[in-house]
Amino acid sequence: MIRIVSILFFSSLFFVCLQSNPITPQPHKLESFQIKTNQNARTCSFTVTTRTSCSSVRYTGDQISLSFGDAYGNQVYAPRIDDPATRTFERCSSDTFQIYGPCTYQICYVYLYRSGRDGWMPETVTIYGYNSRPVTFTYNTFIPGDIWYGFNQCHHASSS
């Protein structure tokens, strides 16, 4: 009887493990993030598409900055991607930006910086680069003010 109960227990545990969803990475604050202002590298073009959540404010007038890069220390920095005159980052919308910076390998981190009082909730940020596959980072949370906030999925090198 104990053997049958044990087999049933471990079988059900195995089934639950197979059915569970993988853990989705969550964005985090990065207090010590440093922008690299003088990288000696070729200039490459990147397309960045942001999708603003339908749960966000109607539109934001906040200043939004963006930084992303690879595991080898190559960093792209866009000090302002917002444009309140054109209602960038309107609720339930996508905005696409052409950004130039040092060439990178596979993009593995992205951080956003928001300054202002309106608030903003991006759903996703997708980055397309010459030497990397498109990568999408899912936020689905409001970006805190005055701090870099995002993801670092690099395996070896530092992004700061």
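Hydrogens, waters and symmetry mates are skipped; everything else that's a heavy atom, side chains included, is used. We count residues from 1, following the sequence as given.
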Tell me, do [X] and [Y] make a side-chain contact under 4.5 Å, heavy atoms counted?
X	Y	answer
V125	F68	no
D146	Y113	yes
P122	I143	yes

* Asked: Going hydrophobic residue to hydrophobic residue with side-chain gaps under 4.5 angstrom, can you get from V135 over to Y149?
  ->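 V135 and Y149: one cluster.
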
* Are Y111 and I147 in one and the same hydrophobic cluster, where Ile, Leu, Val, Met, Phe, Trp and Tyr link if side-chain heavy atoms are under 4.5 Å apart? -> no

Test side chain to side chain donor-acceptor pair (under 3.5 Å) applied to [X] - qualifying residues, sequence neighbours left out:
X	value
S94	none
R80	D82
S93	none
T136	T126

* Smallest separation among heavy atoms of Y109 and C154, with atom names ->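 It is CD2-SG, 3.7 Å.
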
* Nearest heavy atoms of S45 and Y100, plus distance in Å ->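 Nearest pair, atom of S45 first, then Y100: CB-CE2, 3.5 Å.
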
* To do: For S67 and V76, indicate whether the former's side chain and the latter's backbone hold a donor-acceptor pair under 3.5 Å.
  => yes

* To do: Report yes or no: does D118 contribute a side-chain atom to a donor-acceptor pair with the main-chain N or O of T60 at less than 3.5 Å?
  => no

[atom1]/[X] to [atom2]/[Y] distance, rounded to the nearest 0.5 angstrom?
X	Y	atom1	atom2	value
Q26	N140	CD	CG	9.0 Å
I127	L66	CD1	CG	6.0 Å
C103	Y72	SG	OH	15.0 Å
T141	E123	OG1	CD	12.5 Å
D83	Q63	CG	CD	11.5 Å

* Listed partners of Y59 passing ring-ring contact (aromatic ring centres under 6.0 Å, His included), at least two apart ->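 With neighbours one apart ignored, the set is empty.
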
* Asked: Excluding sequence neighbours, so at least two apart, what forms ring-ring contact (aromatic ring centres under 6.0 Å, His included) with Y128?
  -> none

* Residues in salt bridge (Lys or Arg N to Asp or Glu O under 4.0 Å) with R91, at least two apart? -> none

* Can you name the residues that form a salt bridge (Lys or Arg N to Asp or Glu O under 4.0 Å) with D62, not counting sequence neighbours? ->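 Listed in chain order: R114.
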
Can you list everything that forms a side chain to side chain contact (heavy atoms under 4.5 Å, CB included) with [X]? Sequence neighbours excluded, please.
X	result
R133	Q106
F97	T50, I81, T88, F89, D95, I99
P79	Y77

* Asked: Without hydrogens or angle criteria, can the side chains of T52 and E90 be said to hold a donor-acceptor pair below 3.5 Å?
  -> no

* To do: Give every residue pair that meets the disulfide bond (SG atoms under 2.5 Å apart) criterion with at least one member in residues 53-102, sequence neighbours excluded.
  =>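 Passing the test, one end in residues 53-102: C54-C92.
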
* Near-ring test Y139/F151, centroid separation under 6.0 angstrom -> yes

* Candidate pair S65 and W148, rule side-chain contact (heavy atoms from CB on, under 4.5 Å), full reasoning -> CA-CA 9 Å; S65 300; W148 288 101; 3.9 Å; yes

